[in-house]
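The structure appears below as structure tokens.
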Amino acid sequence: VSEGEKELSQTLEQMNRRYILPGGKIRKLSLTKLLVAAAAVTVLVFSVVYYLNSGKLTPEKLYAAYAEHSSLQVQLRGTATDSLPETAALKFNNKNYYEALPMLREYLQLEPGDMQMKFALATCYLELDMYNDAEKIFSEIAGGQSAYTASAGWYLALTSLKQKDIKTCRSRLQSIPPSSSYYARA
């Protein structure tokens with residue numbers, strides 16, 4: 001045994017006496033205990049990964065968070081045709097888009113310039129996954145000059161988001177002007 005090995009051995013013995021309690025025993029872990037500990041660590045790691053990924057923002061979660069449809073407010077004028085928009089608004093406001101859709105179509109045959117009803121029709125199309133019809137109407141409204149122009153641009157982006165077309169959604173969001181009330185959300 002060399003001189004260096006003797007010094008190392010003495011140093012280790014001194015440290016052993018100083019830091020380890022007298023009479024302490026060193027045990028070897030059995031293979032079973034080692035496997036149980038490894039399995040527990042594996043479950044813990046997968047649980048943490050799952051937990052972190054479950055909060056990940058998916059297009060579905062983003063759409064649900066941002067697609068807040070305003071209620072449809074109908075101005076009654078006292079005519080016989082007023083019951084149609086009133087009933088359509090009731091169906092729309094109750095999120096019964098399937099039943100509101102034909103009523104809105106019929107009403108817009110009579111009043112094609114009613115932007116609020118046209119916007120509601122496009123929203124019905126969007127909620128019923130009729131994306132081409134929704135985009136056509138939203139694009140028409142976004143290209144015009146009405147109170148619904150900014151909203152239509154926002155809804156065009158939501159239409160892409162609902163279809164999981166992130167590239168088009170991002171492009172549409174970037175086209176929202178800073179003066180729009182939707183700019184901060186975009």
Side-chain angles (χ1 to χ4, degrees), residues 47-186:
S47 297
V48 168
V49 169
Y50 176 77
Y51 176 76
L52 292 176
N53 284 334
S54 67
K56 188 176 179 183
L57 293 176
T58 63
E60 293 87 0
K61 288 180 182 179
L62 286 170
Y63 180 80
Y66 287 107
E68 299 168 357
H69 310 311
S70 299
S71 355
L72 191 53
Q73 304 296 320
V74 178
Q75 303 273 338
L76 297 179
R77 293 180 220 99
T79 65
T81 59
D82 285 342
S83 65
L84 181 62
E86 187 177 303
T87 307
L90 184 64
K91 300 286 185 190
F92 181 87
N93 292 340
N94 288 328
K95 300 182 188 301
N96 191 343
Y97 304 111
Y98 184 77
E99 289 183 23
L101 185 69
M103 294 177 187
L104 290 167
R105 282 185 189 149
E106 184 180 340
Y107 177 77
L108 285 167
Q109 292 291 323
L110 303 170
E111 298 286 337
D114 189 331
M115 284 298 151
Q116 180 185 20
M117 292 298 218
K118 196 177 274 193
F119 191 86
L121 177 65
T123 303
C124 285
Y125 283 136
L126 173 59
E127 288 300 327
L128 296 172
D129 300 337
M130 300 169 78
Y131 303 118
N132 291 335
D133 295 323
E135 284 183 355
K136 181 180 174 187
I137 296 172
F138 285 138
S139 293
E140 179 187 325
I141 296 171
Q145 293 294 322
S146 75
Y148 293 93
T149 301
S151 297
W154 173 255
Y155 270 74
L156 278 168
L158 287 178
T159 302
S160 298
L161 180 62
K162 191 169 183 194
Q163 295 176 79
K164 299 176 185 149
D165 183 356
I166 304 303
K167 184 179 178 185
T168 303
C169 178
R170 185 173 286 129
S171 171
R172 288 176 170 171
L173 288 172
Q174 289 172 344
S175 70
I176 293 176
S179 59
S180 170
S181 59
Y182 293 98
Y183 184 77
R185 292 165 71 181

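Bear in mind the structure is a predicted one, so any value in this text is a computation, not a measurement. All heavy atoms count here, side chains included; hydrogens, waters and symmetry mates do not.
At distances below 3.5 Å, not a single donor-acceptor pair connects side-chain atoms of K118 with backbone N or O atoms of I141. Remark: the backbone N or O of Q73 is paired with a side-chain donor or acceptor of Q116 at under 3.5 angstrom.
Below 30°, between 30° and 60°, or above 60°: for Y97 and H69 the angle between ring planes is above 60°, a perpendicular geometry.
Atom CE of M115 sits about 12.5 Å away from atom OG of S151, to the nearest 0.5 Å. Distance check, rounded to the nearest 0.5 Å: OG1 of T149 to CZ of F119 gives 10.0 Å. To the nearest 0.5 Å, atom CG of residue L156 and atom CZ of residue R172 are 4.5 Å apart. Rounding to the nearest 0.5 Å gives a distance of 12.0 Å between CG of L104 and CD of Q109. With rounding to the nearest 0.5 Å, the separation of CZ in F92 from OG in S70 is 8.0 Å. Once rounded to the nearest 0.5 Å, the distance linking CG of L90 with OG of S71 reads 11.5 Å.
The two residues C124 and A100 have their closest heavy-atom pair at SG-CB, 4.1 Å. Nearest heavy atom pair, residue I137 against residue Y125, reads CD1-CE1, 3.6 Å. Of all the heavy atoms in A152 and A142, the pair that sits closest is CB-N, 3.5 Å. Heavy atoms only, all atoms of each residue included: L173 and W154 are closest at CD2-CZ3, 3.7 Å.
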Side chain to side chain contact (heavy atoms under 4.5 Å, CB included) for R105 and L101? Distances and angles first, verdict last. CA-CA 6 Å; R105 282 185 189 149; L101 185 69; 3.5 Å; yes
Passes side chain to side chain contact (heavy atoms under 4.5 Å, CB included), M117 versus E111? Steps please. CA-CA 9 Å; M117 292 298 218; E111 298 286 337; over 6 Å; no
Between T168 and Q163, is the side chain to side chain contact (heavy atoms under 4.5 Å, CB included) condition met? List the steps. CA-CA 10 Å; T168 303; Q163 295 176 79; over 6 Å; no
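In this structure, the side chains of F138 and L158 stay at 4.5 Å or more apart for every pair of heavy atoms.
If you check the side chains of D129 and Y131, you find a donor sitting under 3.5 Å from an acceptor.
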